[in-house]
Amino acid sequence: MLNRKYAYRILFWLLLLIGLFNTIDYFATRDLVTFGDHLEWNPLMRAIVNTSYFALYKLVFIPLGLVLLWVARRTLVPKYFGLIAFVCGVYGLLVLYTWRVFYA
């Protein structure tokens, strides 16, 4: 039982970090693409970056998905815990890269 509580605590922090990285990415994309003269690298997001759907997707749907992952933590997370940790790590590296290249 203690091991499960520890895993859930780690999962909570991973999902929180993904949400934080997503918010930072939203503001960085808005700053660099919408108000700057850079291009969006993600071809799936490129079409909606300058629309209101971008904010809806990044600030509503992504956090809702993270909340759903938290709600389904007993069934989905044991299978995908490593993938969630990997996504958090890659997203963190992407945010660090963006900060280093464009803001430092």
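On a predicted model such as this, the values are computed, not experimentally measured, just so you know.
Pairs engaging residues 30-43 under the salt bridge (charged side-chain N to carboxylate O under 4.0 Å, His left out) rule: none recorded [sequence neighbours left out]. Listed by first and then second residue, the salt bridge (charged side-chain N to carboxylate O under 4.0 Å, His left out) pairs involving residues 72-95 amount to none (not counting sequence neighbours). A side-chain hydrogen bond (donor to acceptor under 3.5 Å, both in side chains) check over residues 43-63, counting only residues at least two apart or in different chains, returns the pairs Asn22-Lys58, Asp25-Lys58, Thr34-Asn50, Lys58-Tyr91.
Listed by chain and number, the residues in a side chain to side chain contact (heavy atoms under 4.5 Å, CB included) with Ala47 amount to none (sequence neighbours excluded). Listed by chain and number, the residues in a ring pair (Phe, Tyr, Trp, His ring centres under 6.0 Å) with Tyr80 amount to none (sequence neighbours excluded). For the side chain to side chain donor-acceptor pair (under 3.5 Å) test, no residue two or more places apart in sequence or in another chain qualifies with Thr23. Partners of Ile10 under the side chain to side chain contact (heavy atoms under 4.5 Å, CB included) rule, at least two apart in sequence or in another chain, are Tyr6, Leu14, Phe81. Checked against side chain to side chain contact (heavy atoms under 4.5 Å, CB included), Ile24 has the following partners two or more places apart in sequence or in another chain: Leu20, Val95. Residues passing the ring pair (Phe, Tyr, Trp, His ring centres under 6.0 Å) test with Tyr26, sequence neighbours excluded: Phe54.
Put simply, Leu96 and Leu94 are part of two different groups of oily side chains (I, L, V, M, F, W, Y) that touch within less than 4.5 Å, one to the next. Residues Phe61 and Ile84 fall within the same hydrophobic cluster, defined by Ile, Leu, Val, Met, Phe, Trp and Tyr side chains chained together at heavy-atom separations under 4.5 Å. When hydrophobic clusters are built by joining Ile, Leu, Val, Met, Phe, Trp and Tyr residues whose side-chain heavy atoms come closer than 4.5 Å, directly or via intermediates, Phe27 is grouped together with Ile48. Following chains of ILVMFWY side-chain contacts shorter than 4.5 Å, one can reach Leu16 starting from Leu59, so the two form part of one hydrophobic cluster. Residues Leu17 and Leu93 are members of separate hydrophobic clusters, defined by side-chain heavy-atom contacts under 4.5 angstrom among Ile, Leu, Val, Met, Phe, Trp and Tyr.
In this structure the side chain of Cys88 reaches within 4.5 angstrom of the side chain of Phe21, judged on heavy atoms.
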(request) Would you please test Leu39 and Val33 for side chain to side chain contact (heavy atoms under 4.5 Å, CB included) and show each step? (result) CA-CA 6 Å; Leu39 294 175; Val33 176; over 6 Å; no
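More than 12 heavy atoms of other residues, nucleotides or ligands lie within 6.0 Å of OH in Tyr8, so this atom counts as buried by the packing criterion. Counted within 6.0 Å of CH2 on Trp70, heavy atoms from surrounding residues, nucleotides or ligands total more than 12; the atom is thus considered enclosed.
Taking CG of Leu64 as the start and CG of Leu69 as the end, the distance is 11.5 Å to the nearest 0.5 Å.
Residue Leu68 shares its hydrophobic cluster (ILVMFWY side chains chained together at separations under 4.5 Å) with no other residue. Here Val67 is tied into one hydrophobic group with Val71, each link being a pair of ILVMFWY side chains closer than 4.5 Å. Other members of the cluster containing Leu32 are Trp41, Tyr97, Trp99, Val101, Phe102, Tyr103, with ILVMFWY side chains joined at under 4.5 Å, either directly or via other members.
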